[in-house]
Structures are given as C-alpha cells and as structure tokens.
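These notes are about the structure you will find just below.
We count ligands from 1, going down the list as the structure has it; atoms in each ligand are counted the same way.
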Amino acid sequence: MKITEYIKNNTVILDGGMGTLLQASGLKAGELPEEWNITNPEVVRGIHKSYLDAGSNVISTNTFGANGLKFSLDQLDKIIAASVENARRAIVESNGSQPKWIALDIGPTGKMLKPLGNLDFEDAVKVFAETVRLGVKYGVDLIFIETMADSYETKAALLAAKENSDLPVFVSNAYGEDGKLMTGADPKAMIALLEGMGADAIGVNCSLGPRALYPIIDDYLKYSSLPIILKPNAGLPRGEQGKTVYDLSPICFASQVSTLVEKGVRAVGGCCGTTPEYIDALNSLVKDIYPLPLEKKNITLVSSYTHAHEIGECPTLIGERINPTGKPKFREAVKSGNIDYILREAIGQQDRGAHVLDVNLGIPGLDETMVLTDVVCRIQEICDLPLQIDTANPASMESALRRYNGKAMINSVNGKADSMREVLPLVKKYGGVVVCLTLDENGIPDTAEGRFAIAKKIYDEALNYGIEPKDLIFDPLAMAVSADKNAARETLLAVKYIRERLGCHMSLGISNVSFGLPRREIINANFFTLALSNGLSAAIINPYSDEMMLAYQSYLALSGEEGGVLSYISSVTESADKVQTACVDNLKDAIIKGLRDRTSELIKEALKHRQPMEILNEDIIPALDTVGKGYEEKKIYLPGLLMSAEAAGVAFEAIKEIMPKGEGVTKCRVVLATVKGDIHDIGKNIVKMLLENYGFAVTDLGKDVSPEKIADAVLSLDADILGLSALMTTTLPAMEETVKLVRKCAPKCKIMVGGAVLNDAYAKEIGADYYGKDAMDAIKFSNSIH
Ligand code: B12
C-alpha cells in the first residue's frame with residue numbers, strides 16, 4: 001500500500017534521531033554522518049532496525065546532508081545507494097509486522113539563498129534535484145524534506161522533489177521559539193505554500209520539545225487539510241559534562257506527543273535526542289488512539305514569505321498601482337531600470353492598507369519575463385505583502401511564480417481553451433489562487449447568466465486539473481456604465497450568482513465601471529460598496545483613493561465586522577493627513593524602508609546643506625537602530641534588515657566620497673578588523689573613514705577575520721594600534737581570543753575595541769586598552785597615542 005493511502009486512516013509512526021545514535025556509536029565531531037552509510041553500514045542498519053523493532057512505519061535514510069554542495073556526484077551516488085541499501089536490509093532483518101516504508105531524508109543545504117546569502121534559487125533546486133533523482137534511482141518509497149528553517153529553501157526542495165519524482169513528499173519545518181521560521185514565515189504561510197504546491201503531508205520537526213510546539217501544531221490542525229507531521233526534540237537541550245542532554249524522558253515525551261495525536265496529528269516520531277526507547281514508548285501510547293478523520297478546511301489562503309492572507313475573512317484590497325497602463329512615468333521608470341520607483345509604490349500601498357499587491361509589467365518592447373520576475377523578487381526584499389502576479393504571458397507567469405516566495409494570486413485565466421490549457425497547469429504546479437475572468441472565444445457575455453456559464457466552464461476544467469474550488473476566485477468583469485446602462489447591474493448579478501451557485505470567492509477590477517464619466521471616484525466607490533454587499537471577497541483598487549478606502553471602511557462598519565466602527569473612525573482621521581503620492585521624502589525613512597536609489601537621491605540632497613557627521617549621527621545610525629529594534633521585536637525580518645543595511649551603505653559611500661582625505665600621513669599605523677564570525681562592518685567602516693580623515697595610516701582587514709590573520713597583519717605592518725569591532729554577543733569570545741593572541745605576539749601594540757555589544761568593563765576584562773563608544777572616541781584614543 002502507498003503511504004498516502006495508509007495515512008488516510010492510520011497514524012504513521014516515524015523514526016527518531018539518527019545523529020544522536022551515530023555519535024553514541026563513535027561518530028566524531030567534524031566527521032560526515034552520511035559517509036557512515038559506506039564506512040560503517042552495520043551501525044546504520046542497526047539503528048534503522050532498532051527503530052523498526054520499536055514500531056516505526058517509516059525509516060529515514062541517513063542522508064540529511066547528502067547533497068551536491070557537500071559531495072561530488074559520484075560520492076553522492078554511492079552514499080545514497082548505500083543508505084537505501086542499509087534501510088532495505090534493516091527492513092528485511094526487522095521483526096515487526098507493521099507496514100514499512102523507506103523515506104529519502106533531505107535536510108537543508110546549509111547555505112542561505114539569495115538575497116540573504118549567495119545560493120541562487122535555481123541552483124538550490126538543482127542541488128536538491130540531484131539527491132531526489134538518486135533516491136528515485138535506488139528505490140525509496142517517499143521523500144522526507146525536514147528541518148527546513150527557510151520558506152524559500154523549502155520551496156526549492158519541494159519543487160525539486162515534484163519535478164524529479166512521482167513519489168509522495170512529506171515536508172517538515174523547524175520553528176523557533178517565536179513560532180516562526182528563521183526567515184520569518186509563520187505556520188499559516190507555510191501551510192499555504194506547501195499545500196499549494198502539492199505536498200502530501202506537512203508539519204513540524206526539531207526546534208523544541210513537544211509542549212512548546214503545541215501552538216504551532218494547533219495552527220497546522222486548524223488551517224491545513226493535509227495529514228500533519230510532528231517530530232519534536234526530546235525536550236530542551238542543555239550541556240552536561242561536555243555532552244548535550246535533553247530534559248524529557250521517553251514516557252513524558254510519548255505522552256506529550258500522543259496528546260497531539262488525539263487532537264489530529266497523523267505522523268509522529270522524534271528528532272534530536274530521541275532514541276528507539278522514545279519511539280517504543282510513543283508507539284505503545286499511539287496504538288490505541290483512533291485517528292480523527294482528515295477534514296477539508298476549505299480556507300482560501302495567499303501568502304508571502306512571512307504570513308498568509310485569508311480571502312473571505314474580510315474583503316481583500318488588492319493594490320492596483322504597480323501597472324504601467326496609462327502611466328507614462330511608470331513606463332519610463334521601468335524602461336530605465338528604476339526599480340526603486342516600483343518599490344516605493346509597493347511600500348506606499350502597504351502603508352495605505354492594501355492586503356495584496358497586483359504586479360503587472362506588460363510594456364511593449366520589454367522582456368516581460370525577465371522584468372516581471374526581477375520585480376517580484378525585488379518587491380519581496382522590501383515588502384511582505386502577498387503578490388498578485390498579473391500577466392497574459394504564460395512564460396512570464398511561470399517564471400515569476402517559480403521565484404515567488406509564497407503562494408501567489410495569479411491574474412488570470414479565462415474561459416478560452418488556450419488560456420485554460422496554459423494557465424491551469426501552472427496553478428496546479430506552483431500553487432496559487434487564480435483569478436478567473438468570465439470571457440471566452442466569444443467575448444464577454446452581456447448578461448449575468450452568460451458570465452455564470454463561462455465561470456462554470458472554468459470551474460469544471462480547473463477541477464479536471466486537480467485544482468480545488470477554494471483556489472478559484474472569479475472576476476465577472478466590470479464594464480463601463482457610460483457605454484451600456486445595464487453594465488454595472490449585470491456584473492453585480494454575476495457576482496451574486498457565481499458566489500451563491502459555485503461557492504467560490506469573487507474579485508473585481510473596480511475602476512473600469514466609471515470609464516468616460518466625470519468624478520469617477522464617486523461611481524467607483526458606490527459600485528464597490530454594492531459589489532461588496534452582493535458577496536464580493538476582493539477588489540483591485542487604488543489604495544490612494546480616499547473615496548475607495550472610505551467606502552471600504554464604511555462597509556466594514558455597516559456590515560457589523562468586528563472592530564469595523566473603530567477602524568472607520570481612525571481611517572477618517574488619518575486619511576486627512578495622508579499624502580497622495582508614494583513618496584519617501586527623508587533619508588532616515590528611505591534607509592528604514594531599504595530603498596537604495598531613493599537613499600542615493602536624498603543623501604546627495606542632504607550633503608548640499610548639512611554636515612556629513614551630522615547626517616551620519618542623526619539619520620543613518622538612528623535608521624539602523626530603528627531597523628535593529630524592529631528585528632529584535634520580530635517586526636522586521638532578515639531580508640528587511642539586509643535591505644536597510646544596503647541602503648545605509650549607499651549613504652555611507654556618498655559621505656565617504658566628500659570627506660577630505662588626511663593629507664601627508666604623519667600619524668601612526670592602525671589595523672582594523674571585525675572579528676571572526678561577525679560580518680557587521682558598517683560601524684568599523686565609519687571608524688576607518690574618520691581615522692583616515694585625521695591622518696592615520698589605516699589597514700582594514702575587513703570582516704569575519706580570524707585572530708591569526710589579525711595577529712599576522714599587526715606584526716608584519718608593525719602596527720601601533722589595533723581596532724577591533726564586534727556587534728554580537730556570540731562573537732565576543734572571538735574578540736577576546738584575538739586580544740590575547742595579539743597581546744602575546746605584539747605586546748607593544750595598543751588595542752581599542754568597539755561595537756554595540758561592548759562596554760568599558762568588558763573591554764577591561766578581556767585585556768583591551770580602550771573601549772570606544774563611537775568613531776570619535778576612536779580618534780580621541782588614537783590621537784593620545786600619536
Ligand atoms: C545592519 C545590521 C546587519 C547587516 C550588516 C551589514 C553590514 N555590512 O554591516 C546584516 C543584515 C548583514 C546583519 C546580519 C546579521 N545580524 Co545584524 N544588525 C544590523 C543592525 C541593524 C545595525 C548594525 C549597524 O551597522 N549599526 C550602525 C553602526 C554605525 O553602529 P555600530 O556598528 O555599533 O558602530 C558604532 C560604534 O559601536 C562604534 N564602533 C564600532 N566598531 C568599532 C570599533 C572600534 C575599534 C571602535 C573604537 C568603535 C567602534 O563606532 C561606530 C560608529 O559610531 C544591528 C542592530 C543595531 N542597531 O545595532 C543588528 C544586529 C547587530 N544584528 C544582529 C543579528 C542577530 C544578526 C544576524 C545573526 C541575523 C541572522 N539571523 O542571520 C546576522 C549576523 C551574521 C553574522 N555572522 O555576523 C543582532 C545581534 C544580537 C546580539 N546582541 O548578539 C542585532 C543587535 C539586531 C538585534 N537587535 O537582534 N545585520
């Protein structure tokens with residue numbers, strides 16, 4: 001029986017930790033566990049067998065890190081062949097009579113994907129694809145993607161699994177204590193992404209002990225229709241006599257996990273710290289629990305890399321402004337590669353309250369596939385709203401969907417045979433909520449019934465492709481009332497009919513209705529309200545239109561929406577203050593929002609009438625502080641931090657250019673570095689710039705520099721002063737190590753240290769001569785030496 005059949009009516013028992021047991025059998029630190037498939041097959045087999053004897057239905061191959069970034073293709077082939085053989089032999093030797101399957105275990109690559117790291121998304125897909133193909137070649141029964149802490153990497157792995165096999169795919173993510181993935185996704189965002197792409201079971205592993213995962217599992221059970229996986233650690237790890245130990249006994253672990261089986265979890269096992277004893281205890285408790293039936297949740301979700309937006313919860317506002325139609329300035333900006341212009345539109349619409357942003361870049365003469373894909377990626381660097389990918393070109397649609405980090409809205413498919421044939425497979429493959437336009441080869445029917453007939457045709461065809469009705473959102477097309485007096489009425493009726501008869505969500509591009517009329521906003525706003533009361537779930541609108549936003553707020557207040565009245569009151573007061581254009585007009589905000597081009601314009605302007613150091617201290621550093629605080633409070637995620645740092649870098653470069661260089665160096669030699677393991681260098685670069693301006697001869701060793709390299713440079717340059725920077729608590733030991741080493745080999749060299757995590761007392765404790773709280777302090781101290 002296939003595991004996807006079995007799991008429908010049974011709880012699947014997975015296995016427990018592999019690494020823990022390999023270490024207990026002698027795997028040394030630094031040794032690659034995957035190599036043990038070949039060098040110590042009897043150990044690996046023994047571990048698999050002990051899990052099978054404890055009751056596991058699924059054993060995962062010892063291939064967590066088996067990928068082309070760590071091994072040559074030839075080595076990889078041998079490792080995966082041996083790992084599957086080990087699992088197979090263990091099954092033959094095991095005693096249990098339970099059904100058994102071999103899962104190809106796939107863990108993260110260990111590299112961050114762009115823009116956070118250097119690994120390109122498509123390269124990540126290729127890396128996972130190699131492993132998947134070998135798993136298929138050697139005959140595994142399913143693929144188990146696990147311990148993924150980044151949504152984008154999870155997508156790359158799932159895509160590779162789907163494109164290179166027909167096997168069932170289980171996907172499990174590792175959440176932090178804040179209930180989110182390292183790169184920001186919450187459970188609902190992951191559910192949207194993974195269900196959309198067709199994973200067969202999804203869930204949570206590693207991270208924390210079972211109890212700490214309860215709220216996350218609650219979300220999985222609430223929003224997902226798939227079987228849910230839970231593979232927690234054996235509690236919280238702590239160090240004891242040089243060893244890592246976990247605080248839950250097998251019995252406690254099993255009882256905490258089985259509580260969640262009673263609530264509906266469908267596949268359970270253990271991660272770090274668990275052993276066959278844990279699985280044995282778990283199996284005995286779970287055996288007698290009757291599995292709850294799997295339920296279709298019928299919740300329509302679109303998502304970004306941080307969160308999911310639920311369509312139907314309250315009406316969804318889709319911002320229409322990233323669209324060149326009728327906007328010569330927009331076209332110009334895109335043609336000249338001024339992406340910041342578009343990014344500002346994204347941020348502006350988000351600030352105005354849009355929930356989703358439509359992205360359309362259909363400009364004649366432009367390579368739409370390239371530009372659309374690029375813009376979709378760039379918007380996701382600075383804005384975490386879900387996007388609606390809007391294009392009539394299937395190749396552009398596919399390229400953008402592939403790269404999109406989440407489950408997008410897709411605009412659009414229509415009732416023409418060609419359109420359905422081209423678009424629906426993309427919706428099925430990449431996931432998405434697709435906007436279905438009620439037009440076909442014969443055009444747009446005049447009547448509501450005619451449009452309903454096309455809607456039904458698309459609905460049936462989508463079902464044939466395996467797309468669920470919840471992922472269809474119908475747009476019965478608003479036509480100009482100035483051309484046909486019945487136009488608005490028939491569209492409103494079509495909204496009602498399709499909503500009532502097919503049960504699907506409805507969307508409309510509103511503004512077409514007022515074409516050719518004066519004071520269009522008034523017609524638009526009233527039409528919008530009428531459509532909402534006929535069952536509209538989403539609308540493409542201009543979030544800068546006060547009339548539209550107030551119509552929306554009034555509707556919420558009048559329809560009894562929770563908090564609707566309060567929200568109306570605050571929006572009425574706010575709308576008076578809001579500017580009409582998406583304009584970020586001060587340097588600090590431009591850096592906070594991560595807008596590089598805008599930062600470049602604003603810094604040039606600022607430098608005309610303000611002092612560089614004043615700009616640095618009043619705008620650039622406070623902007624980074626704001627972003628850092630947002631990051632700490634989990635309001636901003638790593639991509640946002642990175643974009644702000646890059647924008648700050650742009651401002652800093654402009655300042656550096658105009659600062660006078662210290663003429664005729666007469667002062668002493670200074671070596672600067674950010675310590676090993678730390679890549680923060682903005683502060684150190686400021687220190688360097690000032691030292692140079694004050695006439696010191698500075699050698700900058702860069703960031704993430706080892707103690708040895710720093711000591712070598714101090715010696716070979718015969719430096720008088722060493723300046724070390726560290727920004728993280730975790731890199732303070734590296735600073736201490738460096739100070740000690742330099743003290744030993746160059747006792748005459750004075751050492752100053754700085755960086756936000758340091759203070760005077762700590763500097764003394766590690767044996768530095770001086771702690772500088774800012775760059776001016778670095779000058780004060782250096783001047784005192786020379
Ligand atoms: C920008 C930034 C980044 C950028 C860095 C880009 C770059 N090229 O530097 C990026 C996005 C890459 C980044 C990555 C990470 N970051 Co960061 N980052 C920041 C942020 C927002 C600003 C730092 C900064 O540049 N400040 C402005 C400069 C001018 O200030 P400064 O460095 O303190 O320098 C001044 C003084 O301290 C002094 N000084 C500095 N060096 C020296 C040296 C000498 C000799 C002297 C005398 C004086 C001196 O003079 C400077 C000028 O006045 C801070 C938050 C914050 N507000 O500090 C977090 C922060 C430092 N990052 C943090 C973290 C956790 C990370 C990551 C681990 C995130 C992750 N999950 O991957 C990674 C780290 C990767 C690594 N291995 O280093 C944490 C550190 C927590 C801690 N206490 O340990 C912080 C505090 C954010 C937070 N609140 O959680 N980060």
For this session: Considering heavy atoms of the protein only, find what lies nearest to atom 72 (O) of ligand 1 and give residue, atom and distance to 0.1 Å.
Result: Leu638 CD2, 3.5 Å
Exercise. Does a donor on one side chain sit under 3.5 Å from an acceptor on the other, for Asn173 and Glu146?
Worked result: no
Exercise. Is the shortest distance from a heavy atom of Val757 to ligand 1 less than 4.0 Å?
Worked result: yes
Exercise. At what distance is the nearest protein heavy atom to atom 75 (C) of ligand 1, and which residue and atom is it?
Worked result: Ile679 CG1, 3.5 Å
Exercise. Please state which protein non-hydrogen atom is closest to atom 41 (N) of ligand 1 and give its distance, to 0.1 Å?
Worked result: Ser725 OG, 2.7 Å
For this session: Could you tell me whether a side-chain N or O of Asn233 sits under 3.5 Å from a main-chain N or O of Cys272, the two making a donor and an acceptor?
Result: yes
Seminar exercise, completed: Looking only at protein heavy atoms, what sits closest to atom 22 (C) of ligand 1 is Leu624 CB, 4.1 Å
For this session: Taking only heavy atoms of Asp678 into account, list the atoms of ligand 1 that are under 4.0 Å away from them.
Result: 78 (O)
Exercise. So which protein heavy atom does atom 56 (C) of ligand 1 come closest to, and at what separation?
Worked result: Asp625 OD1, 4.0 Å
Exercise. For atom 85 (C) of ligand 1, is the nearest protein heavy atom closer than 4.0 Å?
Worked result: no
Exercise. Atom 1 (C) of ligand 1: protein heavy atom closer than 4.0 Å?
Worked result: yes
Problem set entry | Worked check of salt bridge (Lys or Arg N to Asp or Glu O under 4.0 Å) between Asp720 and Lys750 | CA-CA 6 Å; Asp720 306 287; Lys750 297 286 178 202; over 6 Å; no
Exercise. Does the protein put any heavy atom within less than 4.0 Å of atom 81 (C) of ligand 1?
Worked result: no
Exercise. Atom 49 (C) of ligand 1: which protein heavy atom is closest, and how many Å away?
Worked result: Gly754 CA, 3.6 Å
Exercise. Does Lys407 offer a backbone N or O that forms a donor-acceptor pair with the side chain of Ser303 under 3.5 Å?
Worked result: yes
Exercise. Do Thr109 and Glu153 have side-chain N/O donor and acceptor atoms under 3.5 Å apart?
Worked result: yes
Exercise. Can you find an N/O atom of Asp681 closer than 3.5 Å to an N/O atom of ligand 1?
Worked result: yes
For this session: May I ask you to say whether Asp712 pairs ionically with Lys709, meaning some side-chain N is under 4.0 Å from a carboxylate O?
Result: no
Exercise. Can any side-chain N or O of Asp374 pair as donor or acceptor with the backbone N or O of Cys377 at less than 3.5 Å?
Worked result: no
Exercise. Under a 4.0 Å N-O cut-off, is there an ion pair linking Asp597 with Arg344?
Worked result: no
Exercise. Can you list the ligand 1 atoms lying under 4.0 Å from a non-hydrogen atom of Gly723?
Worked result: 45 (C)
Exercise. Heavy atoms only: which of Ala763, Gly117, Gly683, Gly677 is nearest to atom 28 (C) of ligand 1?
Worked result: Gly683
Exercise. Can you check whether Asp774 has an N/O within less than 3.5 Å of an N/O in ligand 1?
Worked result: no
Exercise. Can you list the ligand 1 atoms lying under 4.0 Å from a non-hydrogen atom of Ala775?
Worked result: 50 (O), 52 (C), 53 (O)
Problem set entry | Main-chain N/O of Ile347 paired with Gln350 side-chain donor or acceptor, under 3.5 Å | no
Problem set entry | Positive for salt bridge (charged side-chain N to carboxylate O under 4.0 Å, His left out) with Asp120, one of Arg403, Lys111, Lys126 | Arg403
Exercise. Judged by modelled atom types alone, do Asn405 and Ser151 share a side-chain donor-acceptor pair under 3.5 Å?
Worked result: yes
For this session: Identify the protein heavy atom lying closest to atom 36 (C) of ligand 1, giving its residue, its atom name and the separation to 0.1 Å.
Result: Lys773 O, 3.4 Å
For this session: Verify the distance criterion only: is there a donor paired with an acceptor across the side chains of Thr147 and Asn205 at less than 3.5 Å?
Result: yes
Exercise. Any Lys/Arg nitrogen of Arg610 or Glu618 sitting under 4.0 Å from an Asp/Glu carboxylate oxygen of the other?
Worked result: yes
For this session: Return the number of protein N, O or S atoms with a distance to atom 17 (Co) of ligand 1 smaller than 2.8 Å.
Result: 1
Problem set entry | NZ/NE/NH1/NH2 to OD/OE distance under 4.0 Å, Arg402 and Glu122 | yes
Problem set entry | Taking atom 29 (C) of ligand 1 as the reference point, the nearest protein heavy atom with its distance | Ile686 CD1, 3.6 Å
Exercise. So, do Tyr305 and Tyr152 have ring centers that fall under 6.0 Å from each other?
Worked result: no
Seminar exercise, completed: A student checking ligand 1 against Gly755 at a 4.0 Å heavy-atom cut-off should list atoms 37 (O), 39 (N), 40 (C), 41 (N), 42 (C), 49 (C)
Exercise. Backbone N or O of Gly677 within a donor-acceptor pair of the Asp704 side chain at under 3.5 Å?
Worked result: yes
Exercise. So, are Glu381 and Arg378 salt-bridged, with charged N and O less than 4.0 Å apart?
Worked result: yes
Problem set entry | Option nearest atom 45 (C) of ligand 1 (shortest heavy-atom distance, choices Leu758, Val687, Leu724) | Leu724
Problem set entry | Location of contacts on Lys629 toward ligand 1, heavy atoms closer than 4.0 Å | neither
Exercise. Hey, is Lys703 one of the residues with a heavy atom under 4.0 angstrom from ligand 1?
Worked result: no
For this session: Kindly state if atom 7 (C) of ligand 1 has a protein heavy atom within a strict 4.0 Å cut-off, that is, under 4.0 Å?
Result: yes
For this session: Using a strict cut-off of 4.0 Å, indicate which atoms of ligand 1 neighbour a heavy atom of Ala778.
Result: 47 (C)
For this session: Check for a donor-acceptor pair, side chain of Thr731 on one end and backbone N or O of Met728 on the other, with a separation under 3.5 Å.
Result: yes
